[in-house]
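Below: one structure, written as structure tokens.
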Amino acid sequence: MRKTWIAKGILAAVILVCARLLLGGDSISFYIWWMMAGILGLLFQPLTARLFEGFADRGWMFSKVLGILIPGYLTWVLVVAGILPFTGAACIGVTVVCAFLLLFWCWKDAKKDRLTLPEGQWNLVYWEEMVFLALFLVWTYLAGFHPEAYGTEKFMDYGFMEAMMRSSTLPARDLWYSQENINYYYGGQYFAVFLTKLTGTQVAVTYNLMRTFIAGLMFALPCSLVWQLLREKLGSDLKGRKKCVPPLGGLLAGAAVSLAGNMHYVIYAWIRPWLADLGVVSPREEYWFPDATRYIGHDPETADKTIHEFPSYSFVLGDLHAHMINLIFVILLLGILYAWMRQRRALSQEKFECFGKKLIFQELLQPGILMAGFLLGVYQWTNFWDFVIYYVVTGGVVLFANIITYQGRGKQILTVTALQAVEVMGIAMAAALPFTLSFEGMTQGVALAQNHSALYQLCVLWGLPTALVVIYILRLLWGRMRQKVHDILGEITPADLYILILGLCAIGLIVIPELVYVRDIYENGNARSNTMFKLTYQAYLMFGLSMAYIIFRFLAVCRGKLIKATGVVGLSLLLMTTGYFGNAVRHWYGEVWRPSLYQGLNATSFLEVDFPADAAAIRWLRENIEGSPVVLEADGLSYTEYERVSAMTGLPTILGWYTHEQLWRGNNVEDLNEKSAEVQEIYTSTDEQRVRSLLEKYDVSYIFVGSTEWDKYGGSLNEELLQSLGTVVFQDEVYGTYILQVE
């Protein structure tokens with residue numbers, strides 16, 4: 001035993017040494033974040049053990065997420081309420097207080113064994129930790145080959161972080177609409193900033209660390225959950241060669257969720273080129289990894305363009321979006337729901353015989369239900385779409401659990417389910433209140449879908465997981481019907497029932513965009529795009545968990561050559577989709593096998609290359625300006641080089657990316673057009689009085705004149721008038737870029 005743990009210690013040391021060799025100076029921040037996750041997980045393990053009671057590891061990996069969620073949320077509430085400033089000291093103080101309260105609760109609690117793991121499970125915890133550490137390192141190393149927060153929507157994500165980093169209040173001022181605060185689901189970026197302030201690191205590095213941290217967790221967490229599901233499904237059969245089933249299933253789940261693509265990659269990157277070589281089909285250009293996320297409406301091109309992304313694409317691309325950050329909180333809810341379901345099934349049926357007020361009260365005070373309501377409330381602030389999706393998923397788990405618990409007593413089932421639904425919604429609304437009080441909705445209602453996806457395209461994207469889920473459900477139910485089991489659901493194990501619910505919910509999320517969509521500003525040509533994007537993104541997560549479990553259930557539990565052959569085919573195809581990761585890495589990151597090409601994690605390093613005329617001036621603002629004074633720069637369209645100053649500094653400007661503000665400000669194009677015209681007027685007008693009045697109207701403190709301003713306004717730029725309005729506090733002697741402080 002001692003030699004085994006020495007070997008394990010050597011393995012951990014090797015990974016940490018590799019981090020130093022591969023990441024260089026970035027390894028310090030990497031170590032800090034890994035240790036921070038471990039400390040938070042250890043501090044919040046007692047609470048996690050209560051929620052995940054019965055798990056072999058007592059939810060060890062999930063404790064890291066809970067350790068971020070609880071103090072982060074409480075800090076946010078206190079800051080929004082004006083009780084605390086949003087500083088590093090406040091983040092540390094709230095975290096320490098939470099930890100002391102938890103330790104006090106454990107000391108007073110009769111079940112003090114929650115502080116320890118079940119006997120013999122430290123080995124499991126070690127391997128879970130090593131899986132997380134290794135994947136965190138791999139993704140961090142890859143990020144260093146493409147670290148820039150530039151391109152796609154990175155300006156927005158990075159700018160949100162810088163704006164909150166500067167602000168002592170929340171919500172922070174909108175960096176692209178200086179007269180108002182951020183009116184978007186900023187919770188995900190907030191947690192990134194919370195961890196940045198908690199660890200004393202810098203946004204320039206933690207922008208990339210946050211996305212690689214999430215990517216590492218989104219391998220380790222599904223791995224842990226599916227390991228537990230398969231372990232409980234095998235039960236007494238967990239011996240001999242079958243002992244390898246839970247870890248293999250867990251690893252497959254991690255790969256399916258965080259590394260794999262969809263069957264579009266297999267068909268268009270493998271099968272179609274092979275057919276082209278045979279002369280069966282015409283050859284096409286080399287496979288480009290975003291094609292798997294832009295298929296329906298794009299190939300062939302139609303007026304109904306859609307988006308169907310998945311985690312692996314998000315992790316590679318590097319946008320720190322709300323839906324991506326929220327994945328760790330979503331998987332936390334899924335884990336809690338399963339833990340609650342299995343705990344409930346373990347209770348004696350005698351407990352539920354005497355139906356009355358006391359029992360109803362107990363039903364409403366179950367920790368799993370209370371925590372589900374809280375998490376759904378957090379989703380309204382981190383990614384509202386997930387609130388809607390997982391309220392339905394939670395409702396499905398609760399309904400099925402109550403049907404089994406109350407064994408056909410319809411009145412009791414409906415009563416308890418309805419009360420728990422109201423309770424969960426009430427807790428969610430209360431938890432989200434600090435956000436919703438200042439948030440203005442952006443949607444314009446729900447409409448019937450006027451366009452529909454081609455069946456063959458749906459099959460390409462979702463055929464594999466849907467087929468596996470349907471076969472699994474038919475196999476599950478048909479076996480019990482053939483045995484003439486009266487209580488079909490009651491005879492299904494918690495693991496099987498849980499996967500059945502996830503599979504049905506995932507299929508439902510695929511079907512919904514074919515029927516209805518949520519209206520927004522993208523109505524013309526992209527009506528279903530956002531709806532399909534957000535719904536199928538979560539369907540992919542649920543399918544990833546389901547497929548890993550189903551495949552190994554077919555291979556290790558089910559009898560019959562046909563069902564085992566189905567498992568082999570499903571496993572082969574799913575493993576083939578993981579090749580998407582390699583294809584995406586090669587195209588996006590380049591020659592990652594050459595460590596000498598590693599660029600580092602600094603997300604602003606691109607400035608000297610892409611904005612050489614502005615780089616020094618932007619860095620001067622970052623280093624010398626405190627707070628959030630308004631810095632005027634030229635406004636422009638979304639997804640362009642415009643707003644490089646506000647994005648890289650977090651300093652607000654009068655108007656930023658047009659389409660984004662159009663979405664966030666309720667499609668108020670008149671107001672946006674007016675602001676755009678007035679920004680141009682400040683830069684080009686010859687009327688000094690008018691310019692001064694506009695600067696006063698928008699409380700402008702600094703005016704930035706650089707490459708973008710010269711490109712947009714050209715000879716109309718009235719620099720003589722501008723320089724008469726204040727003092728030049730910075731000027732680049734090589735490029736001529738300057739910053740004017742307004743008097």
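- For the residue pair Tyr540 and Glu309, no side-chain donor N or O sits within less than 3.5 Å of a side-chain acceptor on the partner.
- Classified by interplanar angle (parallel below 30°, tilted 30° to 60°, perpendicular above 60°), the ring pair Tyr472/Phe554 is tilted.
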May I have the list of side-chain donor-acceptor pairs in residues 260-272 shorter than 3.5 Å, sequence neighbours left out?
from   : atom 1 : to     : atom 2 : distance (Å)
Asn262 : OD1    : His264 : N      : 3.1
Asn262 : ND2    : Ala292 : O      : 3.3
His264 : ND1    : Tyr287 : OH     : 2.8
Tyr265 : OH     : Trp270 : NE1    : 2.9
Tyr265 : OH     : Gly579 : O      : 3.3
Tyr268 : OH     : Tyr295 : OH     : 2.8
Arg272 : NH1    : Ser282 : O      : 2.7

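- The pair Arg586-Glu286 meets the salt-bridge criterion, with a side-chain N (NZ, NE, NH1 or NH2) lying under 4.0 Å from an Asp/Glu carboxylate O.
- Within 6.0 Å of atom CG in Leu275, more than 12 heavy atoms from other residues, nucleotides or ligands are found, so the atom counts as buried in its surroundings.
- Rounding to the nearest 0.5 Å gives a distance of 8.5 Å between CG of Leu221 and CG of Leu225.
- Note on residues 121-147: pairs passing salt bridge (charged side-chain N to carboxylate O under 4.0 Å, His left out), not counting sequence neighbours, are Lys64-Glu129.
- Remark: side-chain polar atoms of Lys154 are paired, donor with acceptor, to backbone N or O of Leu317 under 3.5 angstrom.
- A side-chain contact (heavy atoms from CB on, under 4.5 Å) with Met324 holds for exactly one of Asp319, Ile214, Asn383; it is Ile214.
- Counting only distance, with no hydrogens or angles, the side chain of Arg342 and the backbone of Glu53 share a donor-acceptor pair below 3.5 Å.
- Side-chain contact annotation: Thr140 with Asn208, donor-acceptor N/O pair under 3.5 Å absent.
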Sequence neighbours excluded and cut-off under 3.5 Å, please list the side-chain donor-acceptor pairs for residues 507-514, or say none.
from   : atom 1 : to     : atom 2 : distance (Å)
Glu514 : OE1    : Ser453 : N      : 2.8
Glu514 : OE1    : Ser453 : OG     : 3.4
Glu514 : OE1    : Arg528 : NH1    : 3.3
Glu514 : OE2    : Ser453 : OG     : 2.7
Glu514 : OE2    : Arg528 : NH1    : 3.0

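- The aromatic rings of Phe191 and Phe329 are tilted relative to each other, their planes meeting at an angle between 30° and 60°.
- At distances below 3.5 Å, not a single donor-acceptor pair connects side-chain atoms of Ser27 with backbone N or O atoms of Leu23.
- Of the charged side-chain nitrogens involved, at least one lies within less than 4.0 Å of a carboxylate oxygen, so that Arg284 and Asp299 count as a salt-bridged pair.
- The aromatic rings of Phe533 and Tyr537 stand perpendicular to each other, their planes meeting at an angle above 60°, with 30° marking the opposite boundary.
- Between Asp386 and Lys534, none of the side-chain N atoms (NZ, or NE/NH1/NH2) sits under 4.0 Å from a carboxylate O, so this pair counts as no salt bridge.
- Heavy-atom contacts from other residues, nucleotides or ligands closer than 6.0 Å to NZ of Lys564 number more than 12.
- With Val245 as the partner, the side-chain contact (heavy atoms from CB on, under 4.5 Å) test is satisfied by one option alone out of Val557, Leu230, Leu555: Leu230.
- Remark: the backbone N or O of Phe62 is not paired with any side-chain donor or acceptor of Thr48 at under 3.5 angstrom.
- Under a 3.5 Å cut-off, the side chain of Thr577 and the backbone N or O of Leu574 do form a donor-acceptor pair.
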